[in-house]
Amino acid sequence: MGCVTSSQVSVPTNKPIKAVVSESNDHNIPTVAVEAPSVSSPTPPAQKSHSKNNFPRVAPLTGLTLDKAEEEANVMVKQTIDIKMAMDQVSGDLDLLKELNGILHQQYQTEFPKVLECLNTCNWLQLWKTVHSLKGGAMNLGIDRFAACCHHLEVYVKQLQVNADGGTEVTADQKERIDLYIQLTEKHWNSYMKAYEGLGNLLSEADLSTTLISTFNDVKIFNIG
């Protein structure tokens, strides 16, 4: 189903009560069945869909900010770069780590612009695939905050796809929420890039020993907000 760009409010209908008279076959005693008028709720569809479709951690969009979205995604309890985990992934091979980061950088530059395009065209399946792929690459390299943002975005978009397949319209409220999650993802990609540049400068001058890695994690050098 397509997107909607504005909320639609159903107006209650006021119909007269209709009496239906029938006769009993046994005693010819008339019986009366009263049909009450159907009254639709004036609640906007956007709020109905939030509760009906069980969206993850969804709150009303009013007042939602990047900071609140960060709380929803549980981002700030994670490290920008978990260098120990990243080095474990490549068995201490610094050149391989740099190569894999370079591949992820190219993937981001190529693929992430498609995310906004998918939002504008309501292509939820492709949006989910793109974000899911970026999340996987980030997780393998210990880029924890960016990966958490990707996960939060993909879970919400996946639910939209399921609901759209079932015939539920995607509302303007939900599209705004996705846009905010995309902004959050971009923010933590930029934080990662800043941390990675600092990491490269340090590692080019230092022996990457277990002690040094432990020191990086202990003082949280790479926890850039």
Side-chain angles (χ1 to χ4, degrees), residues 56-57 65-119 125-159 178-225:
R57 296 183 295 275
T65 63
L66 281 179
D67 288 343
K68 290 182 180 179
E70 275 182 338
E71 292 178 8
E72 286 184 357
N74 204 28
V75 171
M76 301 309 290
V77 299
K78 304 179 184 298
Q79 298 182 76
T80 301
I81 302 176
D82 184 343
I83 184 60
K84 184 177 186 305
M85 180 272 183
M87 291 303 297
D88 287 345
Q89 287 288 90
V90 296
S91 301
D93 189 333
L94 181 58
D95 289 335
L96 179 58
L97 179 62
K98 291 180 178 179
E99 180 181 350
L100 293 176
N101 272 273
I103 292 173
L104 181 62
H105 298 170
Q106 292 179 353
Q107 182 186 7
Y108 180 88
Q109 292 170 3
T110 302
E111 297 296 321
F112 201 78
K114 298 178 182 179
V115 170
L116 285 176
E117 180 181 342
C118 290
L119 172 61
L125 181 59
Q126 185 58 50
L127 198 161
W128 175 82
K129 287 181 178 180
T130 301
V131 174
H132 181 74
S133 178
L134 288 169
K135 181 192 77 171
M139 289 181 66
N140 289 335
L141 296 173
I143 308 169
D144 291 348
R145 289 184 183 177
F146 174 73
C149 294
C150 287
H151 177 73
H152 193 63
L153 174 57
E154 72 166 340
V155 168
Y156 189 74
V157 170
K158 184 66 173 179
Q159 187 62 58
I178 294 173
D179 188 32
L180 189 64
Y181 290 164
I182 291 173
Q183 292 179 47
L184 181 64
T185 305
E186 288 181 298
K187 171 187 174 181
H188 283 284
W189 173 264
N190 292 333
S191 293
Y192 150 68
M193 287 299 295
K194 184 177 180 181
Y196 181 74
E197 290 172 3
L199 173 64
N201 293 334
L202 286 171
L203 296 186
S204 64
E205 301 172 0
D207 175 28
L208 193 65
S209 64
T210 302
T211 302
L212 184 59
I213 292 174
S214 176
T215 301
F216 283 160
N217 287 326
D218 289 344
V219 301
K220 301 186 183 300
I221 289 176
F222 305 112
N223 284 353
I224 299 175

Are [X] and [Y] packed together at the side-chain level, in the sense that at least one heavy-atom pair is separated by less than 4.5 angstrom?
{"X": "Phe112", "Y": "Ile182", "result": "yes"}
{"X": "Lys98", "Y": "Asn101", "result": "no"}
{"X": "Arg145", "Y": "Glu70", "result": "no"}
{"X": "Leu134", "Y": "Ile143", "result": "no"}
{"X": "Leu141", "Y": "Phe146", "result": "no"}
{"X": "Tyr192", "Y": "Ile81", "result": "yes"}
{"X": "Asn140", "Y": "Leu104", "result": "no"}
{"X": "Val90", "Y": "Leu100", "result": "yes"}

- prompt: Under the side-chain contact (heavy atoms from CB on, under 4.5 Å) criterion, do Val155 and Lys158 qualify, and how do the steps go?
  reply: CA-CA 5 Å; Val155 168; Lys158 184 66 173 179; 5.8 Å; no
For [X] against [Y], the heavy-atom pair lying closest together:
{"X": "Leu180", "Y": "Thr65", "answer": "CD2-O, 3.8 Å"}
{"X": "Asn74", "Y": "Lys78", "answer": "O-CE, 3.8 Å"}
{"X": "Met87", "Y": "Leu94", "answer": "CE-N, 4.1 Å"}
{"X": "Ala147", "Y": "Ala138", "answer": "CB-CB, 4.0 Å"}

message: Using only atom types and a distance under 3.5 Å, with no angle test, would you say the side chain of Ser133 pairs donor to acceptor with the backbone of Lys129?
response: no
query: According to the interplanar angle, ranging from 0 to 90°, do the rings of His132 and Trp128 count as parallel (below 30°), tilted (30 to 60°) or perpendicular (above 60°)?
result: parallel
task: Please step through side-chain contact (heavy atoms from CB on, under 4.5 Å) for the pair Asp179 and Leu116, ending with a clear verdict.
output: CA-CA 8 Å; Asp179 188 32; Leu116 285 176; 4.1 Å; yes
- line: dist Ser191:OG -> Lys194:NZ (nearest 0.5 Å) comes out at 7.5 Å
Neighbour count above 12 (heavy atom, 6.0 Å) for Met139 CE: no
message: Pair His105, Met193 - check side-chain contact (heavy atoms from CB on, under 4.5 Å), show working.
response: CA-CA 9 Å; His105 298 170; Met193 287 299 295; 3.6 Å; yes
message: Suppose we screen for side-chain hydrogen bond (donor to acceptor under 3.5 Å, both in side chains). Which residues come up paired with Lys114, at least two apart in sequence or across chains?
response: Glu111
- prompt: Which residues pass the side-chain hydrogen bond (donor to acceptor under 3.5 Å, both in side chains) test with Trp189, sequence neighbours left out?
  reply: none
